[in-house]
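Notes follow once the structure below has been shown.
What's counted below: heavy atoms across the whole structure, side chains too, no hydrogens, waters or symmetry copies. If you read the sequence from its start, that first residue is 1, and numbering goes on from there.
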Amino acid sequence: MFTTKILKMAVLAAAVGSTLSFSTIATAATEIKTAFNQSDKHPQFLALQEFSKKLSAATDGRYKLTLYPNALLGDQRAALELVQNGAIQMAMVANPLVENYDKTFRVIGMPYIYSGSEHQENVFTSGELDTLFASTQKFGFEVLTAYTAGARSMYTKEAPIKTIADMQGQKIRVMQSDTMIKMLDCMGGTGVPMSQGEVYSAVQQGVLDGAENNEITYADLKQYEVAPYFSATRHLMVPDLLVVSSDFTSTMSKEDQATLRRLAKESTPVEFKIWNARIESAKKTAEDKGATFTEVDIKPFQKSCQKLQDELIETPEQKALFKKIVNMS
């Protein structure tokens with residue numbers, strides 16, 4: 001009897017141990033390594049943090065994002081390759097990198113495709129981009145959603161820009177991009193490719209008449225000190241894309257995949273809200289230092305750049321997407 005009792009206790013202990021072990025495995029969170037090239041104060045990072053909390057809650061702790069800011073996992077190009085081969089699970093990358101795989105993505109980052117932040121948010125949350133975003137699965141990754149990186153506008157040294165005529169003779173710093181140079185030409189000015197670090201002194205010394213960027217960069221780099229006239233031309237709004245490894249999503253249940261995609265989309269309005277709040281504080285910082293912000297009627301600029309838009313649209317797919325986006329403004 002004593003031997004039987006001991007045997008029963010041993011079996012019970014083994015069963016309890018097995019249950020504990022299974023429970024531990026079942027509740028252990030699967031880490032989603034996520035590459036991010038900006039700081040942990042960036043609006044996109046803050047939105048991803050919120051996304052991570054909601055994903056963990058919705059999956060009973062089965063999944064959690066581990067965010068690696070400041071390009072700790074490499075630059076955006078390297079991060080996208082890591083996602084493709086399944087070495088990491090997610091990354092935030094600039095739209096032009098995905099354009100290299102599918103030129104249809106060029107449309108959502110074209111000059112003057114958006115009338116403003118509200119229009120861009122409407123496009124990103126409309127569902128009209130779902131088919132395009134899913135189409136990259138054949139390359140080993142899927143685009144979950146798009147985040148705003150703000151609108152780029154003109155800021156100048158001598159006077160605000162209100163019309164195409166005001167741009168005549170203006171030498172404006174642009175990114176080292178042929179499209180950007182052509183865009184400045186259609187807006188009436190002259191694009192001067194230059195690294196960001198040289199802009200302040202170039203404007204100060206008269207080499208440039210101004211530059212173009214979003215309000216947050218304008219304030220952070222104190223460029224209002226040399227170019228105090230910020231004109232909201234909003235000529236370019238290039239999206240950043242949250243991409244996920246197809247290898248990784250294939251390991252998830254259909255229910256968890258659906259949850260991941262839903263919460264990613266729901267994080268986009270959150271990111272827009274954080275970004276727009278930062279814009280207001282950036283504008284106040286610049287205004288307190290003497291900067292003037294001017295609203296601009298962008299329709300004449302859009303019309304002037306129509307030829308460039310036509311040049312960038314090469315396929316029926318691009319043309320159809322362009323039409324959809326314009327009709328949402």
- request: Any chance you could lay out the salt bridge (charged side-chain N to carboxylate O under 4.0 Å, His left out) test for E266 and R262, step after step, and finish with the verdict?
  value: CA-CA 6 Å; E266 290 177 4; R262 174 177 61 82; 3.2 Å; yes
Charged N-O contact under 4.0 Å between [X] and [Y]:
X	Y	answer
K157	D209	no
K103	E99	no
E311	K182	yes
E121	K273	no
R106	E314	yes

field: Sole residue of T136, L129, D102 in side chain to side chain contact (heavy atoms under 4.5 Å, CB included) with V143
entry: T136
field: Option passing side chain to side chain contact (heavy atoms under 4.5 Å, CB included) with M90 (candidates V243, L82, L242)
entry: L242
Taking atom [atom1] of [X] as the centre, report whether more than 12 heavy atoms of other residues, nucleotides or ligands fall under 6.0 Å from it.
X	atom1	value
K171	NZ	yes
D178	CG	no
E158	CD	no

Where the side chain of [X] meets the backbone of [Y], is there a donor-acceptor pair that is under 3.5 Å apart?
X	Y	answer
Y114	I108	yes
Q76	A94	yes
R173	V192	no
K138	S135	yes
H235	R152	yes

Distance in Å, [X] [atom1] paired with [Y] [atom2], rounded so as to fall on 0.5 Å steps:
X	Y	atom1	atom2	result
I279	S117	CD1	OG	6.5 Å
K289	K284	NZ	NZ	10.5 Å
Q318	T104	CD	OG1	5.5 Å
D220	K41	CG	NZ	12.5 Å
E271	T145	CD	OG1	9.0 Å
E81	L97	CD	CG	9.5 Å

- request: Kindly indicate, with the supporting measurements, whether the criterion side-chain contact (heavy atoms from CB on, under 4.5 Å) is fulfilled by R62 and D256.
  value: CA-CA 9 Å; R62 291 192 301 278; D256 285 343; 2.7 Å; yes
- prompt: Does some side-chain heavy atom of N95 sit less than 4.5 Å from a side-chain heavy atom of D240?
  reply: no
task: Could you walk me through whether Q257 and T249 pass side-chain hydrogen bond (donor to acceptor under 3.5 Å, both in side chains), step by step?
output: CA-CA 6 Å; Q257 286 186 43; T249 54; 4.9 Å; no
Taking every non-hydrogen atom, the tightest pair across [X] and [Y]:
X	Y	answer
Y224	A219	CE2-O, 3.5 Å
L241	F133	CD2-CZ, 4.3 Å
L184	G191	CB-N, 3.6 Å
W275	H42	CZ3-CE1, 3.6 Å
L144	A264	CB-CB, 3.8 Å

message: With salt bridge (charged side-chain N to carboxylate O under 4.0 Å, His left out) as the criterion, how do E215 and R278 come out once you've worked through the C-alpha distance, each side chain's angles and the decisive distance to 0.1 Å?
response: CA-CA 9 Å; E215 295 90 339; R278 282 284 301 277; over 6 Å; no
task: Determine the interplanar angle of the F141 and Y101 rings, folded into 0 to 90°, and report it as parallel if under 30°, tilted if 30 to 60°, perpendicular if over 60°.
output: perpendicular
query: Which class fits the ring pair Y63 and F248: parallel under 30°, tilted 30 to 60°, perpendicular over 60°?
result: perpendicular
- prompt: Going by the side chain to side chain donor-acceptor pair (under 3.5 Å) test, which pairs reach into residues 298-308, not counting sequence neighbours?
  reply: Q306-D310
Pair F301-M167, side-chain contact (heavy atoms from CB on, under 4.5 Å): steps then yes or no: CA-CA 11 Å; F301 290 102; M167 286 289 292; 4.1 Å; yes
task: Examine the side chains of Q196 and Q223 and answer whether a donor and an acceptor come within less than 3.5 Å of each other.
output: yes
- prompt: Could you go step by step and tell me if E225 and Y200 meet the side-chain hydrogen bond (donor to acceptor under 3.5 Å, both in side chains) rule?
  reply: CA-CA 9 Å; E225 293 178 348; Y200 188 103; 2.5 Å; yes
- request: Step by step, work out the side-chain hydrogen bond (donor to acceptor under 3.5 Å, both in side chains) result for E212 and Y218.
  value: CA-CA 8 Å; E212 52 83 51; Y218 177 63; over 6 Å; no
message: Working note: S195 + E198, criterion side-chain hydrogen bond (donor to acceptor under 3.5 Å, both in side chains); need CA distance, chi angles, decisive distance, verdict.
response: CA-CA 6 Å; S195 66; E198 300 176 76; 2.7 Å; yes
Mind listing the side-chain donor-acceptor pairs of residues 64-73 below 3.5 Å, one per line with the distance, residues two or more places apart or on another chain?
unit_1	atom_1	unit_2	atom_2	d
T66	OG1	E31	OE2	2.9

query: What do the steps show when you test K265 against D130 for salt bridge (charged side-chain N to carboxylate O under 4.0 Å, His left out), and what is the final call?
result: CA-CA 10 Å; K265 289 178 182 178; D130 289 358; 2.9 Å; yes
task: Output all residues satisfying side-chain contact (heavy atoms from CB on, under 4.5 Å) with K162, sequence neighbours left out; order by chain, then residue number.
output: P160, D166, T294
query: Do F124 and Y147 have ring centroids that are under 6.0 Å from one another?
result: no
